[in-house]
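Structure, as structure tokens:
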Amino acid sequence: MTTSIEPAAKPSAGPARRGRPAKIGGTRLAVLLMLGPALIAILFFRLVPAFEAIRTSLSDPQGPFAAYDRVFADPAFQASVRQTLLFTVLVNPFQIMLALALAVLLTQRLPLVGLWRTLIFLPAALPQVVSAIIWGVLFRPDGPLNAVLNALGLPHQPFLTSKFQALPGIIILVSWVGVGYWMMFLIAGLKDIPGDTLEAAKIDGAGPLRTFFQVTLPQLKRPLLFVLVADTIANFLVFAPVETLTAGGPDRSTNLIMYDIYERAYVTGDLPAASAETFILLCIILVVVSIQFKLLPSED
């Protein structure tokens, strides 16, 4: 009597294979649901207004590019570009170096370090108009800063009424708001540096300065360059402090390009020219940011 031995049936891969597309599809759906609101916001609050500005800038009754000709020939626009570039060149290094110094200090073992971080970050949580009002009171001729100067036997300072001091005053205000914000990114970057790397540097006999410049700073390059790019964009778009405190003066010394766009659109009513300035500002930002992105380290 013979017994037939049948080979054992192989486990079917059908259910697993049928499950994989469902899993992948579910992951894609989850990603879409998470990114969807941000993508919609970018579309309606960034891309649509940008295309609308381009369309409006080309709809001048005198011709498609008449608004651009008018803007480029205007000395006020030329001065606003110069002031904006000067403002950015001055404020960016000041903010980033101060934010980096505070980040390094507040990642040390200090008493009440969490409280100090909160207090330094707090101005970033306030609307810029509120910060402008606070500093407007401080900068008043009879304000607290001049009172301190008088107590020290120093003369009154004109601050926002001087064409030589108004722009530095705006820089101080914007930095008071921004330094704490950028500091938090750099603190996160510092905490991401492996502890054994720093420990190895100490074992090799490296002092604090050598460790910072040869170990910490190279490891912090990517967060620093991100902060540089983001801070540059933010400072090109500064408007509220200028509109609240100086209205572009005195003698147009604080007439940054965002305020010039506002004046052209809502004071003189020249919407095509204001839209042309908006597009020019967008191009300037893209050029500057593209140059900065060239500095970003490539992926290993």
- Item | Parallel, tilted or perpendicular: rings of Phe77 and Phe72 (30°, 60°) | perpendicular
- Task: Report yes if some heavy atom in the side chain of Thr244 is under 4.5 Å from a heavy atom in the side chain of Pro241; otherwise report no.
- Result: no
- Task: Apply side-chain contact (heavy atoms from CB on, under 4.5 Å) to the pair Gln83 and Thr254, showing each step before the final yes or no.
- Result: CA-CA 7 Å; Gln83 289 301 106; Thr254 60; over 6 Å; no
- Who passes ring-ring contact (aromatic ring centres under 6.0 Å, His included) against Phe236, sequence neighbours left out? none
- Note on the structure: Grouping ILVMFWY residues whenever side-chain heavy atoms fall under 4.5 Å, the cluster of Ile133 otherwise contains Val129
- Task: Return the set of residues passing salt bridge (Lys or Arg N to Asp or Glu O under 4.0 Å) with Asp251 (not counting sequence neighbours), or none when no residue passes.
- Result: Lys163
- Query: Should Val242 and Val137 be regarded as members of a common hydrophobic cluster, given that ILVMFWY residues are connected when their side-chain heavy atoms come within less than 4.5 Å of each other, either directly or indirectly?
  - Reply: no
- Message: Walk me through whether Leu286 and Cys283 qualify under side-chain contact (heavy atoms from CB on, under 4.5 Å).
- Response: CA-CA 5 Å; Leu286 287 175; Cys283 292; 5.6 Å; no
- Give, for atom CD of Glu263 and atom CD of Glu243, the distance between the pair rounded to the nearest 0.5 Å. 10.0 Å
- Item | Path from Leu110 to Val179 over hydrophobic side-chain contacts below 4.5 Å | yes
- Message: For residues 183-197, which residue pairs pass the salt bridge (charged side-chain N to carboxylate O under 4.0 Å, His left out) check, not counting sequence neighbours?
- Response: none
- Please list all pairs passing the side-chain hydrogen bond (donor to acceptor under 3.5 Å, both in side chains) test where one or both residues lie in residues 224-236, with sequence neighbours left out. Asn92-Thr232, Asn92-Asn235, Trp182-Asp231, Asp231-Asn235, Thr232-Gln292
- Heavy-atom pair with the smallest gap, counting every atom of Tyr181 and Ala124: CB-CB, 3.9 Å
- So side-chain hydrogen bond (donor to acceptor under 3.5 Å, both in side chains) across residues 101-128, not counting sequence neighbours, yields none
- Looking only at heavy atoms, the pair that brings Pro250 and Leu160 closest together is CD-O, 3.4 Å
- Task: Give a yes or no on whether Leu106 and Leu115 share a hydrophobic cluster (residues Ile, Leu, Val, Met, Phe, Trp, Tyr; joining criterion: side-chain heavy atoms under 4.5 Å apart).
- Result: yes
- Message: Once rounded to the nearest 0.5 Å, what's the spacing between atom CG of Leu190 and atom CZ of Phe212?
- Response: 8.0 Å
- Task: Without swapping roles, check the side chain of Asn255 against the backbone of Gly249 for a donor-acceptor pair under 3.5 Å.
- Result: no
- Note on the structure: Pro168 meets the side-chain contact (heavy atoms from CB on, under 4.5 Å) criterion, sequence neighbours left out, with none
- I would like to know whether Val177 and Ser131 meet side-chain contact (heavy atoms from CB on, under 4.5 Å); could you show each step before the answer? CA-CA 7 Å; Val177 173; Ser131 299; 3.6 Å; yes
- Task: Would you sort out whether Ile285 and Leu237 count as a side-chain contact (heavy atoms from CB on, under 4.5 Å), showing the intermediate values?
- Result: CA-CA 10 Å; Ile285 292 174; Leu237 302 179; 4.0 Å; yes
- Query: So do the side chains of Ile284 and Thr84 get within less than 4.5 Å of each other, counting heavy atoms only?
  - Reply: no
- Task: Can you establish whether the number of heavy atoms outside Phe159 located under 6.0 Å from its atom CZ is more than 12?
- Result: yes
- Query: Just how far is it from atom CG of Leu217 to atom CD1 of Ile193, taken to the nearest 0.5 Å?
  - Reply: 9.0 Å
- Note on the structure: With sequence neighbours left out, the residues meeting ring-ring contact (aromatic ring centres under 6.0 Å, His included) with Tyr262 are Phe239, Tyr259, Tyr266
- Query: Considering the options Leu145, Thr246, Ile134, which one meets the side-chain contact (heavy atoms from CB on, under 4.5 Å) requirement together with Phe139?
  - Reply: Leu145
- Message: The criterion is side-chain contact (heavy atoms from CB on, under 4.5 Å); which residues satisfy it with Thr278, sequence neighbours excluded?
- Response: Ala53, Ile261
- Message: If you compare all heavy atoms of Ala274 against all heavy atoms of Ala265, which two are closest, and at what distance to 0.1 Å?
- Response: CB-CB, 3.6 Å
- Interatomic distance, CG@Leu186 vs CG@Leu220, rounded to 0.5 Å, equals 5.5 Å
- Query: Side-chain contact, heavy-atom cut-off 4.5 Å: Leu225 with Val229?
  - Reply: no
- Query: Thr161 side chain to Pro158 main-chain N or O, any donor-acceptor pair under 3.5 Å?
  - Reply: yes
- Query: How close do Val71 and Ala276 get, heavy atom to heavy atom, and via which atoms?
  - Reply: CG2-CB, 4.3 Å
- Identify the heavy atoms of Pro223 and Gly189 that sit nearest to each other, and give their distance. CG-CA, 4.1 Å
- Note on the structure: Note: with side-chain heavy atoms under 4.5 Å as the link, the other cluster members for Met97 come out as none
- Query: Any side-chain heavy atom of Val91 within less than 4.5 Å of one from Ser175?
  - Reply: yes
- Item | Closest contact, heavy atoms only, Leu90 versus Pro93 | O-CD, 3.6 Å
- Mind checking the CZ-CG spacing from Arg28 to Leu33? Nearest 0.5 Å is all I need. 14.5 Å
- Task: For residues 267-287, pull every pair meeting salt bridge (charged side-chain N to carboxylate O under 4.0 Å, His left out), keeping only residues two or more places apart or in separate chains.
- Result: Arg70-Asp270, Arg264-Glu277
- Is there a path of hydrophobic side-chain contacts, each under 4.5 Å between heavy atoms of I, L, V, M, F, W or Y residues, that connects Leu105 with Phe185? yes
- From OG (Ser275) to CD1 (Ile54), nearest 0.5 Å: 10.0 Å
- Query: Heavy-atom distance under 4.5 Å between the side chains of Ser80 and Arg252, does that happen here?
  - Reply: no
- State yes or no: do Leu58 and Leu271 share one hydrophobic cluster built from I, L, V, M, F, W and Y residues joined by side-chain heavy-atom distances below 4.5 Å, directly or via other members? no
- Message: Please list all pairs meeting salt bridge (charged side-chain N to carboxylate O under 4.0 Å, His left out) that have one or both residues in residues 134-159, counting only residues at least two apart or in different chains.
- Response: Arg140-Asp142
